[in-house]
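The model shown is predicted, which means the values in this text are computed figures rather than measured ones.
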Amino acid sequence: MKNIAVILAGGIGSRLNAGIPKQFLKVAGMTVIEHTISVFQKHRGIDEIAVVVNDAYKRKIESYIIKNNFTKVKKILNSGPERYFSSLSAISAYEGEECNLIFHDAVRPLLGTSVIDRVIESLKEFEAVDVAIPSADTVIEVDEENNIKDIPVRRYIKRGQTPQGFRYSLIKKAYDLALQDPNFTTTDDCGVVLKYCPDAKIHVVDGEDANMKLTYKEDFYLIEKLFQLKMTDFQTKELTEKEKHQLQDKVIVIFGGSSGIGLDLRKVCQTNGAKVHSFSRSENNVDIRNQALVSKVLQDVHNQEGRIDYIVNTASVLYMEPLVHMSYEQIFEEIDINYRGMVNVAKESFPYLQESKGQLLFYTSSSYTRGRMNYTIYSSTKCATVNFVQALAEEWSLANIRVNCINPERTKTPMRVKNFGIEPEDTLLKSIDVANVTAKVLLSEVSGQVIDVKIKSI
């Protein structure tokens with residue numbers, strides 16, 4: 001049966017007090033609603049998407065469809081003064097179709113694909129499906145005077161989320177009956193089915209803690225952090241045949257391509273027909289701290305190839321020492337290569353990537369999430385990398401340039417061996433695996449993302 005995702009975006013976000021509806025705030029390079037639509041656009045089980053939005057914001061949605069190539073969005077529907085009007089709008093739009101309607105809040109942008117999988121699978125057996133997570137807190141029921149009336153058994157208490165999925169015939173019947181009730185009021189589609197079609201079973205599948213709803217200002221900061229920690233699904237070891245074919249004739253510049261991840265990325269891309277130009281201090285005396293030199297080599301590659309599709313910077317340095325033991329020469333080298341060099345590469349890359357609508361890619365480290373002893377300068381520069389990437393992805397989105405960074409777990413590279421010596425092989429990523437994930441990201445349409453590469457996922 002056809003699965004239609006209905007994204008409910010009619011809210012005005014009054015509780016956030018942000019000046020615009022919260023679904024149009026930007027996080028990790030895109031608006032909240034763009035992230036939400038992307039989840040359903042990429043899901044193989046979703047056949048079509050309808051967005052329900054206030055008429056004043058239809059033009060925005062239309063621009064997002066074009067910008068992001070949201071090919072599954074087939075309808076932009078009008079919302080109403082109450083939340084249930086949005087559901088009714090979708091039910092009316094699909095009158096007479098045999099389909100499943102899967103309603104989801106636009107302000108839940110961190111929905112996982114596995115949750116959608118569970119909803120779609122359950123709709124094969126049940127007419128209605130809800131998503132929920134266990135309650136971590138004890139729930140109490142109080143009376144009108146705010147005294148405890150009851151304490152339900154926590155095992156049976158769950159916190160509801162979206163999406164909520166329904167066979168069209170059931171949700172249509174439930175609303176038809178509800179609209180005959182002069183006292184009808186609801187904020188939840190499953191609640192409508194429960195009240196007006198009590199014989200229908202509403203099956204509950206597991207949600208995810210990360211699938212949180214943006215409601216208050218504090219939620220926005222938490223969602224930003226969750227996006228930083230989110231692992232995008234590139235965790236397969238080998239390139240597919242399609243991906244290998246896509247690399248053919250791509251023009252790629254790698255700064256730091258003489259060793260480690262950069263060298264393996266260079267080999268992966270060259271093996272699959274890409275035209276790779278590699279620069280480093282040891283290989284051809286190209287130091288990314290030198291802005292004029294970065295500018296020259298990029299111009300030379302463009303003159304030779306006629307375009308540049310991807311620019312990757314893997315150049316980095318680590319001195320694992322307490323700050324007070326480091327010389328100022330070491331401190332400035334680490335800051336200048338890891339941060340200033342990154343800025344140089346980005347600024348000089350812009351005209352070439354704007355022309356090709358290409359991608360700029362950097363590398364961060366797991367130490368970006370928390371400063372660590374003996375990593376004072378390194379950790380802070382890698383944290384800066386993440387913020388730089390997310391800000392730049394937003395700035396350059398109108399130029400159709402994608403900006404991302406890879407966050408590998410501990411990886412066996414010459415830099416790591418230099419600082420840690422010999423370590424058990426099974427505790428480290430292989431640089432070739434990180435290189436394969438990097439190639440997949442270059443070929444993708446994501447932007448503003450931190451892509452984790454973990455040993456358990458390879």
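In this structure, Y57 has its ring center under 6.0 Å from that of F24.
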### Task
Might you work through the side-chain contact (heavy atoms from CB on, under 4.5 Å) test for L214 and V32, ending with a clear yes or no?
CA-CA 9 Å; L214 173 57; V32 170; 4.0 Å; yes
### Query
Is there a side-chain contact (heavy atoms from CB on, under 4.5 Å) between R83 and D105 once you walk through the steps?
CA-CA 10 Å; R83 193 268 191 199; D105 297 325; 3.9 Å; yes
### Task
Might you work through the side chain to side chain donor-acceptor pair (under 3.5 Å) test for N272 and Q248, ending with a clear yes or no?
CA-CA 6 Å; N272 291 291; Q248 288 182 17; over 6 Å; no
### Task
Tell me, with the steps shown, if Y94 and E48 meet side chain to side chain donor-acceptor pair (under 3.5 Å).
CA-CA 11 Å; Y94 289 97; E48 185 174 323; 2.6 Å; yes
#### Entry: Test side chain to side chain donor-acceptor pair (under 3.5 Å) applied to Q161 and N211, step by step
CA-CA 8 Å; Q161 299 181 328; N211 182 26; 3.2 Å; yes
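When all heavy atoms of S89 and V52 are compared, the closest pair comes out as CB-CG1, 4.3 Å. Minimum interatomic distance between E95 and Y168 (heavy atoms only, all atoms of both residues): CA-OH, 3.1 Å.
For E127, there are no salt bridge (Lys or Arg N to Asp or Glu O under 4.0 Å) partners, not counting sequence neighbours. The salt bridge (Lys or Arg N to Asp or Glu O under 4.0 Å) test applied to E98 returns no partner, not counting sequence neighbours. Here R155 pairs with nothing under the salt bridge (Lys or Arg N to Asp or Glu O under 4.0 Å) rule; sequence neighbours left out. Partners of E121 by salt bridge (Lys or Arg N to Asp or Glu O under 4.0 Å), not counting sequence neighbours, listed by chain and number: K124. For D47, there are no side-chain hydrogen bond (donor to acceptor under 3.5 Å, both in side chains) partners, not counting sequence neighbours.
Using modelled atom types, one finds a donor on one side chain and an acceptor on the other under 3.5 Å when comparing T71 with Q41. Y84 and D188 are not linked by any side-chain donor-acceptor pair at a separation below 3.5 angstrom, with hydrogens and angles left out of the test. S316 and K382 share a donor-acceptor pair across their side chains, judged by distance under 3.5 Å alone.
Summarising the local packing, OH of Y221 is surrounded by 12 or fewer heavy atoms from other residues, nucleotides or ligands at distances under 6.0 Å. K149 NZ: 12 or fewer foreign heavy atoms inside a 6.0 Å radius.
With hydrogens and angles disregarded, no donor-acceptor distance shorter than 3.5 Å links the side chain of N68 to the backbone of F70. Using modelled atom types, no side-chain atom of Q449 and backbone atom of V446 make a donor-acceptor pair closer than 3.5 Å. Proximity of a side-chain donor or acceptor of K72 to a complementary backbone N or O of H43 within less than 3.5 Å is detected. For T381 (side chain) and Y339 (main-chain N/O), no donor-acceptor pair under 3.5 Å exists by modelled atom type.
The side-chain hydrogen bond (donor to acceptor under 3.5 Å, both in side chains) contacts involving residues 191-206 comprise D181-Y196, where partners must be two or more places apart or lie in separate chains.
Between R307 and D309, at least one side-chain N (NZ, or NE/NH1/NH2) sits under 4.0 Å from a carboxylate O, which counts as a salt bridge.
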